[in-house]
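One structure is given below, encoded as structure tokens.
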Amino acid sequence: MTNEPIGLLTPEQERDLLTAHRTLLRIMDHCEVPAVRAAVLAAEAELRIALDGQGIECDFYRRPGSPAP
């Protein structure tokens, strides 16, 4: 086991993750296919965990059907 420093996200990586989050929200709002919605919901939940773990500010809690940020 090594004592290497924990990696940090670059600003570009943070932007990419936030973009992915917004994209997933848009898909959930406009897709009617149950299997796709379930997969997107699971992916969005995992992404929220990662964003929260990195301390990235994001609109995690929004009402269903409200516009994605």
Side-chain angles (χ1 to χ4, degrees):
M1 188 166 217
T2 63
N3 290 331
E4 294 183 26
I6 296 174
L8 299 175
L9 295 173
T10 65
E12 181 181 15
Q13 291 168 328
E14 285 187 24
R15 280 191 308 275
D16 289 346
L17 286 171
L18 290 170
T19 298
H21 183 257
R22 286 190 296 272
T23 300
L24 289 172
L25 293 177
R26 276 195 304 277
I27 292 169
M28 281 195 303
D29 287 344
H30 301 291
C31 183
E32 300 298 326
V33 180
V36 172
R37 287 182 58 86
V40 169
L41 184 62
E44 198 268 337
E46 291 293 330
L47 184 55
R48 278 189 293 163
I49 292 168
L51 290 169
D52 187 51
Q54 291 295 314
I56 298 173
E57 294 294 321
C58 188
D59 184 18
F60 294 124
Y61 307 104
R62 67 179 186 95
R63 292 181 187 185
S66 65

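This structure is a prediction, so every number in the text was calculated from the model and none was measured. Only this structure's heavy atoms are used, side chains among them; waters, hydrogens and symmetry mates stay out.
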What's the spacing between D16 CG and T10 OG1 if we round to 0.5 Å?
7.5 Å
Spacing of CZ belonging to R48 relative to CG belonging to L24, to within rounding of 0.5 Å:
10.5 Å
Out of curiosity, D52 CG to I49 CD1, how far, rounded to the nearest 0.5 Å?
8.5 Å
For C31 and V36, the nearest pair of non-hydrogen atoms, with its separation, is SG-CG1, 3.6 Å
So, taking the atom named NE2 in H30 and the one named CG in L25, what distance separates them when rounded to the nearest 0.5 Å?
10.0 Å
If you round to the nearest 0.5 Å, how far is CZ of R37 from CD1 of I27?
11.0 Å
Side chain to side chain, R15 and L18, heavy atoms closer than 4.5 Å
no
Do H21 and L17 come within less than 4.5 Å of each other through their side chains, counting heavy atoms only?
no
